[in-house]
Amino acid sequence: MEEKSETLNGSVERIVYRNDASNWTVLELESDNELHKVVGVLPMIGAGEVLSLSGSWVDHPNFGIQFRAEYCERHLPVGGDAILRYLSSGVIKGVRQATAVRIVEKFGDKTLEILEKEPHRLAEVRGISPSRAARIADEYARQFGLREVMMQFSEYGLTPNESFRCWKKWGGATIDRIRANPYLLCSSGLYIGFERADRICMKMGRPADDPGRLEAGIIYVLRHNLSNGHTCLPADKLVNVTVSMLGVEHQQVTDTLEGLVSRFSVKEEYFNNRRFIFLNHVHRAEKYTASRISMMLQFPPPSVADTESRIIKIEKSRGISYAEQQRLAITQAMKKGVLILTGGPGTGKTTTLEAIITLLEDMGQTVAIAAPTGRAAKRISELTGKEAKTLHRLLEVKWDDEDIPIFDRNEKNPLEADAVVVDELSMVDSLLFDSLLRALKTGCRLIMVGDSDQLPAVGPGSVLHDLISSGELPTVQLTEVFRQAMQSNIVSNAHRIVSGQMPVLNYRKGDFFFLLKQSAQDTMQTVLDLCSTRLPANYGLTIGNGIQVLCPSRKGELGTREMNRRLQELINPASDRRHEMTVEGVTLRAGDKVMHIRNNYDIGWTKDSGEMGQGVFNGDIGMLESVNSRENTLSVRYEDRVAVYSSHEAQELELAYAVTVHKSQGSEFDAVILPLYNNIPMLCYRNLLYTAVTRAKSLLIIVGSSKTLANMVENNRKTRRYTGLCYFLQDSGELDF
């Protein structure tokens, strides 16, 4: 049922629950002699306040009818009784019920006026010293300032939480600063997009060519394109896009860009006689990366003597014989400070990596192994038998108030490791790679492993591609596919795809199958049948244990949103016996397959053995075991441990019966089902298909159109990314830190 915006006016009777970190509040509101439950992000609301709310009525499966507030206009309580309830609610630090009674007894209906205009008079109240009066006055001023911000900007569509974040950033200067330049709303940590700031600016009557608007537009285009993978943009493209977006003259944007460059608000570089523009922090990251790599190549750690005899010793102990390329990779790792090891499935990357780690450890070297995601770290740990961490955990991440990672491991506090191995380097973006390099001690070896034919990182940059393309780093590409691996149709077809050939589709047995369908509806129904009946009956696999549906996109008839809705409805339908919780419009139900979508090192978990710890990582997939309606929590099982989420933390969960190919990077699944039928054209390209196929460990089933499949194989348009790293590496003679 579509929710309609409605209004609700009344006075706050009681604060039922408040989360001070998120400002999520549950309160009781009296309106027309009725008591209503209201939920929403409502910062610092106190009993006795009069609220004008906009939002919608929702029927929560566990808590019944409640009003979900999206916007809030606050009014100070009027009259002694209302003022007493307000001050007694604890909303003002330093004032409890007994103190509130004495203040109201003294000043009556003028209490709030005294607090605002003559706060020194609080010292006239018994038990309140001048210093305490000053503290109470300061706290009330903070409250009053926030209230003013919320009231002033509610007319422009800012939510209470957005107003709170602005007030937290600028305090009493918030209103003046935003009125002077509404585009400050685009600042980091406020999460207010340029389009909304632009609408607010227009409502304030600002002209289209307002200087603040022109500057903010340029910065917005640069920031927006970070999410498209670009670390920089050609100046001509940047200007043209900004002109089109803002509807202003070309010369105005050009002049504004020159001003930003001259004030060092952005950085410029020339590559092949073409001018490129960077955001400062991204430019700094790529320049540092090139400089540090250059230094590591110029001053490598001591070369390992007798490498060949050491390799022979490992071969004898394991009863194997390394191929020529594998031996070259092992030798290079021992001689150089930096190595890139790349290759497709079945080429022996893991076997080679095991030998490198063994040789280093036999020499008494401390080796740290890491990967970009929790699932990738677990996978490399299982393959090598060695402990592996996420890069964030290796670097000992902390998150600031704006959700930006800060790493404890850095130049001043480097890692103790003598060698660091990074797997799935294709998933590492420029900013994270920069942070890793800053944490390496002098003389530390860096072994980087990845498949350059897979999708690039979700974040900005194309680190693995640029490192290889520069030609500056020792790189070994394993190309020989071992006989045992070639017995897998998944492996052989993966290599056909990456070389631009159609995979063989007419297998009647083995691990690779193609099911031809004539419509998106037939494709969807076949996927549903495979997950619910056919694979469980024939292979003993279930959607919760072994089967993973991968989709090229989130949207569309065969995107993850619709696929998850249909699979949840089929496999885990609503029932009186299954508790559920609605989070951000998505129903999470006991028995659902879910994915955690952001590294969170604070969520607690308990292992089946009783061991306790903290941390759930981006890409972790588990089963939602239970929903506790009374405590408003969820319990999710991740293999041998159960993590407990608050309702606020549950926003980091989404259904995972189907996930995007991008989200599957670094993972392997027993059985992969890949629906392909007239998918979004911009997502129909070769390395997306290749990445999807190589996620399957034992069984791959492609369902849909052979034409769509052929289009993906033929389209080798790897998404073009504008980056500076390759150029910086090739021109890194002068070290720049």
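The first residue of the sequence shown is numbered 1, and numbering continues consecutively from there. Remember, it's a predicted structure, so these values are computed and weren't measured experimentally.
Taking the charged nitrogens against the carboxylate oxygens, Arg327 and Glu315 do have a contact shorter than 4.0 Å, which makes a salt bridge. Here Glu416 does not pair with Lys441 in a salt bridge; the nearest charged N to carboxylate O distance is not below 4.0 Å. For the pair Asp620 and Arg375, the salt-bridge criterion is not met [side-chain N within less than 4.0 Å of a carboxylate O]. A salt bridge does not link Lys287 with Asp434: every distance from a Lys NZ or Arg NE/NH1/NH2 to an Asp or Glu carboxylate oxygen is 4.0 Å or more. One finds a salt bridge joining Glu361 and Lys386 here, because a Lys/Arg side-chain nitrogen approaches an Asp/Glu carboxylate oxygen to under 4.0 Å.
Formation of a donor-acceptor pair under 3.5 Å by the Arg721 side chain with backbone atoms of Ser462 is not found in this model. Not one N or O on the side chain of Arg554 forms a donor-acceptor pair closer than 3.5 Å with the backbone of Thr660.
A ring-centre distance under 6.0 Å is not found for Tyr690 and Tyr685. Aromatic pair His230/Phe278: ring centres not closer than 6.0 Å. The six-membered or imidazole ring of Phe407 lies near that of His392, with a centre-to-centre distance under 6.0 Å. Ring centroids of Tyr645 and His596 are separated by less than 6.0 Å, placing the two rings close together.
Counting heavy atoms from C-beta on, the side chains of Leu279 and Arg223 come closer than 4.5 Å.
Using modelled atom types, one finds a donor on one side chain and an acceptor on the other under 3.5 Å when comparing Ser294 with Gln298. Between Thr352 and Gln326, the side chains place a donor N or O and an acceptor N or O closer than 3.5 Å (distance only, hydrogens not considered).
Lys335 NZ: 12 or fewer foreign heavy atoms inside a 6.0 Å radius.
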